[in-house]
Amino acid sequence: MFRIRRVYDSSFPSSLETIEQVKKILRDQFPGLDESDIAKINDQLVNPLKHRFRSILFVADDSSRRVKGFALLMHASDLNFCYLDFISAARFVVGRGIGSALYDKVREEALALGTIGVFFECLPDDPALCRDREALKQNASRLRFYERYGIRPICNTAYETPVREGDDCPPYLMFDGLGLNKPLFRARAKEIVRAILERKYGNVCPKSYVETVVHSFKDDPVRFREYRYSGKEIPPGVKINNTGGMPIALVINEKHDIHHVSDRGYVESPIRIKSILREIIPTGIFELLEPKNYTEKHIRAVHDGAFVDYLKKVCNNVPGNQSIYPYVFPIRNATRPPVELPVRAGYYCIDTFTPLNHNAFLAAKRAVDCTLTAADKILEGYPIAYSLVRPPGHHAERRAFGGFCYFNSAAIAAHYLSAYGKVAILDIDFHHGNGQENIFYKRNDVLTVSIHGHPRFAYPYFTGFSDETGEGSGTGFNINFPLPEHVDGVTYREFLGKALGRIRKFSPKFLVVALGLDTAKGDPTGTWSLGPKDFAENGALIGYLRYPTLVVQEGGYKARSLGINARNFFRGMWAKYHFPNAPEKKESKN
Ligand SMILES: [Zn+2]
């Protein structure tokens with residue numbers, strides 16, 4: 001088993017370890033490679049300007065992070081193309097599965113970036129160019145592999161001229177047009193070939209060589225070699241939907257309805273998920289993915305161990321159809337938790353309306369599994385993932401539950417992602433995201449931002465003030481925007497703009513959005529008046545940042561409008577992420 005994920009930053013210990021394994025594969029599989037070129041990878045990942053390519057590293061690894069293969073893709077945004085620098089499986093890997101999965105990933109990324117295609121080099125299968133019989137066989141098998149995608153060498157140019165006379169095996173230049181069926185015009189090809197030779201091989205190719213190769217491009221459009229191996233097969237194409245951008249990875253808590261508090265007035269009910277699904281699935285921009293199981297260690301990384309133990313035990317002990325509501329709150333003597341489990345509820349809870357029942361722990365644990373699965377999809381390279389779960393989580397603090405929340409799924413995922421790069425959490429629920437604030441209050445690698453009803457009138461009443469800015473090294477990394485009782489879409493966006501500006505300044509690798517839909521007009525728990533169009537615009541503003549974004553479902557209780565607002569939010573976000581410069585389209589109002 002393996003998963004494919006993107007390595008975002010070389011400055012984190014876990015990423016460094018992964019990059020070392022990538023380097024080992026390079027040394028094993030490309031013995032002629034210069035050690036200085038291998039050492040360059042760390043710098044390439046963090047310093048795109050210097051190398052005039054933005055480097056994107058994908059690795060295929062297993063759950064113990066053993067790297068089985070990798071692809072290093074370079075993106076030249078100025079000329080709008082990608083160059084695949086390396087793609088290789090580790091020496092111990094047999095079979096083609098990893099290579100083709102990595103190559104599919106490369107194509108998806110090139111397409112999502114809106115480039116014209118992927119260029120790369122392939123050693124020749126022509127005996128006149130390659131004297132080594134063994135190598136010749138291997139090269140032929142590689143070219144056969146790419147022909148399956150419809151990719152062949154560009155022909156009738158001097159690209160495969162050895163840099164030094166007598167060098168064996170000069171590579172072909174290959175071009176993958178990603179199934180877009182657009183011709184590659186000469187002028188464009190010349191610019192790109194010059195960029196490849198200068199940026200990638202500037203230190204080995206003399207100027208005169210570059211000129212000779214560039215001017216050898218005469219055909220317009222560029223021509224490709226005839227099919228040699230496969231006959232003209234239909235290329236498998238890129239696995240994307242017909243709308244032209246990578247879909248949103250959607251993970252649903254299929255066990256959400258085991259948690260059903262039927263007490264009168266309990267608005268956090270199973271119908272919420274159904275209402276949302278009904279509206280978002282027909283958009284065609286979601287790909288439904290199975291949740292996986294994760295160990296409790298991820299929960300314990302952000303929640304107090306005794307608190308987790310307590311929830312597990314007490315829920316397990318509550319008879320099937322009963323609910324325990326906290327009723328004693330030992331706020332004075334933290335050293336003496338009440339002995340009786342049901343009485344102890346208030347020791348770990350912030351309010352009187354979040355009950356414990358037999359399935360609360362199981363449902364909350366599953367919500368965490370879903371959210372971690374969605375986070376892994378982000379690491380695999382999905383630009384947007386949506387964890388559609390209940391119970392919600394953003395009111396759950398390190399050692400407290402409340403506000404219908406038990407475990408803080410968004411915070412657990414944010415902590416998980418923080419091993420790969422800085423994370424910003426944006427909480428756009430009507431109520432303050434006190435859980436994340438509490439969990440990350442002293443940290444500066446996870447920025448927490450929340451826009452919510454002022455605590456003087458809105459739950460949770462005791463946090464969410466603007467002077468809560470963090471503590472110790474976390475000072476300045478918690479931002480609250482408490483807003484008045486009556487807010488419309490226009491006013492809301494003023495503050496959303498400010499929040500996003502602060503996030504951009506922080507420059508995170510990942511964004512986690514705690515999505516509450518209770519900012520909508522008529523929500524029984526809120527007082528604001530956002531309409532469907534506002535949700536589309538809010539989504540677009542967030543999508544425009546183009547951070548890999550994990551969205552986690554929090555509140556929102558007006559069943560009739562939940563789905564429409566969610567649909568508009570994601571449509572706006574997805575469209576802006578993939579087509580940032582497209583003209584505005586009117587989102588539907590109903
Ligand atoms: Zn809420």
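Whatever order the structure lists ligands and atoms in, that order sets their numbers, starting from 1.
When each of R399, R344, R300 is checked for a salt bridge (charged side-chain N to carboxylate O under 4.0 Å, His left out) with D309, only R300 meets the rule.
Electrostatic pairing of R493 and E537 counts as a salt bridge here, judged by a charged N lying under 4.0 Å from a carboxylate O. Salt bridge D376/R5: absent, no basic N to carboxylate O contact under 4.0 Å.
H431 contributes ND1 as its N, O or S atom closest to the Zn ion (ligand 1). Looking at D518 and the Zn ion (ligand 1) together, the shortest N, O or S contact belongs to OD2. Taking the N/O/S atoms of D429 in turn, the shortest distance to the Zn ion (ligand 1) belongs to OD1.
Side-chain contact of N480 with E437: a donor-acceptor pair under 3.5 Å is present, judged by distance alone.
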